Amino acid sequence: MDWKLFADLAEVAGDDEPSVRVGDDATVRDALDALIDAHPALAERVLADDGTLHEHVNLLRNGQRAELDERVDAGDELALFPPVSGG
């Protein structure tokens with residue numbers, strides 16, 4: 001499963017386009033768990049204390065907002081990015 005990480009998430013992981021392995025019936029959560037297993041420093045930035053995704057972190061699957069229980073397919077692209085502020 002291919003990920004795209006943006007801003008400080010890429011810096012924390014040390015890679016802006018990491019790939020992880022997941023099973024055939026994987027969900028977005030499975031792919032996120034695999035990403036965090038490969039890059040443990042992301043856990044603090046991405047997950048709340050109860051293991052859910054921080055509300056301020058955006059998670060996309062193929063360019064659309066994703067839920068953790070959605071199934072993923074080979075070739076899907078997942079993306080994580082922190083909130084964007086402007087001025």
Side-chain angles (χ1 to χ4, degrees):
M1 188 61 41
D2 294 327
W3 282 91
K4 286 197 175 190
L5 304 178
F6 296 90
D8 66 323
L9 299 179
E11 291 176 27
V12 168
D15 189 351
D16 62 349
E17 293 188 10
S19 293
V20 297
R21 290 187 179 266
V22 293
D24 291 337
D25 292 330
T27 63
V28 172
R29 180 61 194 223
D30 296 329
L32 180 61
D33 288 345
L35 177 68
I36 291 172
D37 286 347
H39 304 279
L42 284 172
E44 185 177 317
R45 289 283 297 125
V46 174
L47 298 177
D49 290 339
D50 64 358
T52 60
L53 196 66
H54 279 303
E55 288 182 19
H56 63 270
V57 173
N58 297 294
L59 173 60
L60 302 179
R61 176 177 165 245
N62 300 326
Q64 300 293 320
R65 192 157 190 79
E67 299 295 328
L68 292 174
D69 61 351
E70 288 179 34
R71 285 201 51 212
V72 291
D73 298 311
D76 281 353
E77 179 183 85
L78 297 171
L80 280 175
F81 56 97
V84 178
S85 61

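Worth saying up front: this structure is predicted, and the values here are computed from it rather than measured. Side chains included, hydrogens not; waters and symmetry mates left out as well; all remaining heavy atoms used. Counting begins at 1 with the first residue of the sequence.
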Can you tell me which residue pairs pass the salt bridge (Lys or Arg N to Asp or Glu O under 4.0 Å) test with a partner in residues 18-28, sequence neighbours excluded?
Asp25-Arg71

Salt bridge (Lys or Arg N to Asp or Glu O under 4.0 Å) partners of residues 43-67, not counting sequence neighbours, each pair once:
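Sorted pair list: Asp8-Arg45, Arg61-Glu70, Arg61-Asp73, Arg61-Asp76.
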
Suppose we screen for side chain to side chain contact (heavy atoms under 4.5 Å, CB included). Which residues come up paired with Asp16, at least two apart in sequence or across chains?
Ala10

Any donor-acceptor pair under 3.5 Å linking the side chain of Asp30 with the backbone of Val22?
no

Please tell me if the side chains of [X] and [Y] come closer than 4.5 Å, counting only heavy atoms from C-beta onward.
| X | Y | value |
| --- | --- | --- |
| Thr52 | Leu47 | no |
| Leu35 | Leu5 | yes |
| Asp15 | Trp3 | no |
| Met1 | Ser19 | no |
| Leu78 | Leu60 | no |

Using distance alone, with no hydrogens and no angle criterion, decide if Thr27 and Asp69 have a side-chain donor and acceptor under 3.5 Å apart.
no

Given the rule that I, L, V, M, F, W and Y join up when any side-chain heavy atoms are under 4.5 Å apart, are Val12 and Leu59 in one cluster?
yes

Cluster link Val46 to Phe81, ILVMFWY, side chain under 4.5 Å:
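The answer is no; the residues belong to distinct hydrophobic clusters.
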
Could you tell me which non-hydrogen atom of Ala13 sits nearest to which non-hydrogen atom of Leu42, and how far apart they are?
CB-CD1, 4.0 Å

Can you see which heavy atom on Val28 is nearest to which on Ala66, and at what distance?
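So the two residues come closest at CG2-CB, 4.4 Å.
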
